[in-house]
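One structure below.
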Amino acid sequence: MKFKKALITGITGQDGSYLAEFLLKKKYIVHGIKRKSSSFNTSRIDHIYENKTYNNKFFLHYGDLLDSNSLTNLISKIQPDEIYNFAAQSHVGVSFQLPNYTSQVNSIGALNLLHAIYDCGLAKKTKFYQASTSELYGEIQETKQSEKTKFYPKSPYATSKLFAYWISKNYRESYEMFASNGILFNHESPRRGETFVTRKITLGLSKIVYGLEKCLYLGNLYSLRDWGHARDYVEMCWKVLQYKKPDDFVIATEKQYSVKFFVEQCFKYLDIKIKWQGKGLKEYAKIVHFDIKKYPLLKKNMKIVKISKNYFRPNEVNNLIGNANKAKRLLKWKPKINIHQLIKEMMDTDLELTRKSNLK
Ligand code: NAP
Ligand code: GDD
């Protein structure tokens, strides 16, 4: 039996790790590109590498989206059936500080990959998935954003992803390449990077509960997002490449919540009552009720969440919510995990992680 071969860039990231697990279960041979770093960057995939079931099915290679030689060499050697381009400088806030680097990796990186496929003579064989983003909508032009909504990127990150979106379409139309964009709205998990807001909240509150930190500092509490689960969404990335033709799809839960709501739900899960006071940069949450036996290190009236201007962006995307009708209709998909299940999984994992690290 001939197994399909997939190549994943960004395999060491949140989505790459879930997609690798998903494809291996589907009997793919999975190759991943990891970049050179001075310390280990494979913690999200070590469990796959160490799993004997996946001996000779899971391979990691050094490479970098900015090193086109590495991409051409790997693609010509592997001859993948599918490539998922997940690699990126993916932090919107950081992209204002690293605009040039972000643009290189996210824009030219995608082009390097597409052109490597073309140069290897695989334009008609290898399907290409581009990790596009709801950040493309930025200053929203429609209440719910669909594939037809006009883009208005508001950060170097979003602008770099706009190039990647269009260059993928361009290679589709110019060379009949099967190149598709998944326009994914925010998706989170216990594997989310620690500086993205949901993970920052679940990990930050866990550390406070265990006495390792005293306060969680956040930026814009009123920002609205459509949050799904990464494990759910990688299945969609795969479905996008199984569709009968290359196309672009919005993937979203179609539900929207504020950062403040996310914080409140985490406290609710922990069974700690808080009260918000103040306005703007002076807004804060203090603890009004909790079980001292359960949380001996907390104190009543303790200011547990404060606002810091350091976490505001020069240009904020305030309001995102997707319209995923096309994906539901054509790919027969709907999200399986709601925000409360997501919060439970993230809180449980971070509480356990913090408990263990506290024992060391
Ligand atoms: P992530 O956790 O930040 O992972 C990014 C991955 O890219 C990491 O494996 C990183 O390697 C790798 N990478 C960065 N620069 C690279 C380079 N120059 N060459 C090769 N690899 C490089 O991101 P994610 O949340 O999994 O998101 C996956 C993709 O979907 C990204 O392109 C992101 O922009 C996009 N996206 C994400 C969301 C979301 O809500 N998560 C929504 C829409 C679109 P290291 O581990 O070494 O840092
Ligand atoms: N990171 C962060 N840290 N964000 C905060 C904070 C904070 O302390 N306080 C408030 N926020 C707000 C941000 O200003 C933003 O409006 C919202 O919380 C979500 O921020 P992030 O979790 O950093 O995600 P993002 O929406 O900017 O970007 C993510 O989703 C995009 C899809 O819409 C990233 O994964 C991007 O790569 C992805 O394309």
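Start at 1 and go down the list; that is how both ligands and their atoms are numbered.
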Is His91 close enough to touch ligand 2? Criterion: a residue heavy atom under 4.0 Å from a ligand atom.
yes

Ligand 1 contact by Lys161, heavy-atom criterion under 4.0 angstrom:
yes

In the protein, what heavy atom is nearest to atom 46 (O) of ligand 1, and what distance, to one decimal place, separates them?
Thr12 OG1, 2.6 Å

Quick one: nearest non-hydrogen protein atom to atom 42 (C) of ligand 1, plus distance?
His187 CE1, 3.2 Å

Check: of Leu184, Asp67, Asp64, min heavy-atom distance to atom 43 (C) of ligand 1 comes from Leu184

Taking only non-hydrogen atoms of Phe312, do any sit less than 4.0 angstrom from ligand 2?
no

Would you please say whether a donor-acceptor pair under 3.5 Å links the side chains of Gln14 and Ser189?
yes

For ligand 1, which atoms sit closer than 4.0 Å to a heavy atom of Asn186?
40 (O)

Write out the residue and atom name of the closest protein heavy atom to atom 34 (O) of ligand 1, then the distance separating them to 0.1 Å.
Tyr157 OH, 2.5 Å

Are the side chain of Asn181 and the backbone of Ser132 linked by a donor-acceptor contact shorter than 3.5 Å?
no

For atom 20 (C) of ligand 1, what is the closest protein heavy atom, and at what distance to 0.1 Å?
Leu65 N, 3.7 Å

So is Thr9 touching ligand 1 or not, going by heavy atoms under 4.0 Å?
no

N/O of Arg313 under 3.5 Å from N/O of ligand 2, yes or no?
yes

In terms of residue, atom name and distance, what is the protein heavy atom nearest to atom 27 (O) of ligand 1?
Asp15 OD2, 3.6 Å

Taken to the nearest 0.5 Å, the spacing of Tyr233 OH from Asn186 CG works out to 8.5 Å

Polar-atom distance check: Val197 versus ligand 2, any N or O pair below 3.5 Å?
yes

Does any N or O of ligand 2 fall below 3.5 Å from an N or O anywhere on Thr198, backbone included?
no

Within 45° cone and under 6.0 Å: Lys245 NZ/CZ vs Phe178 ring
no

Does ligand 2 have an atom that lies less than 4.0 angstrom from a heavy atom of Arg192?
yes

Below 4.0 Å from any atom of ligand 1, is there a heavy atom belonging to Arg191?
no

Ser17 near ligand 1 by a heavy-atom separation under 4.0 Å
no

Among Ala87, Ser189, Ala88, closest by heavy atom to atom 14 (C) of ligand 1 is Ala88

Any donor and acceptor pair, going by atom type alone, linking the side chain of His31 with main-chain N or O of Ile78 inside 3.5 Å?
no

To the nearest 0.5 Å, tell me how far Phe249 CZ sits from Leu184 CG.
12.0 Å

When you check the side-chain N and O atoms of Asn106 and Thr102, is any donor under 3.5 Å from an acceptor?
no

Checking side-chain polar atoms at under 3.5 Å, does Glu264 have a donor or acceptor matched by the opposite partner on Trp276?
yes

Considering only the protein, which heavy-atom contact is closest to atom 31 (C) of ligand 1, and what is its distance?
Phe86 O, 3.1 Å

Look at atom 44 (C) of ligand 1 and say which protein heavy atom is nearest, naming residue and atom and giving the distance to 0.1 Å.
Ser132 O, 3.4 Å

Out of Ser223, Gly219, Ser308, whose heavy atom is nearest to atom 17 (C) of ligand 2?
Ser223

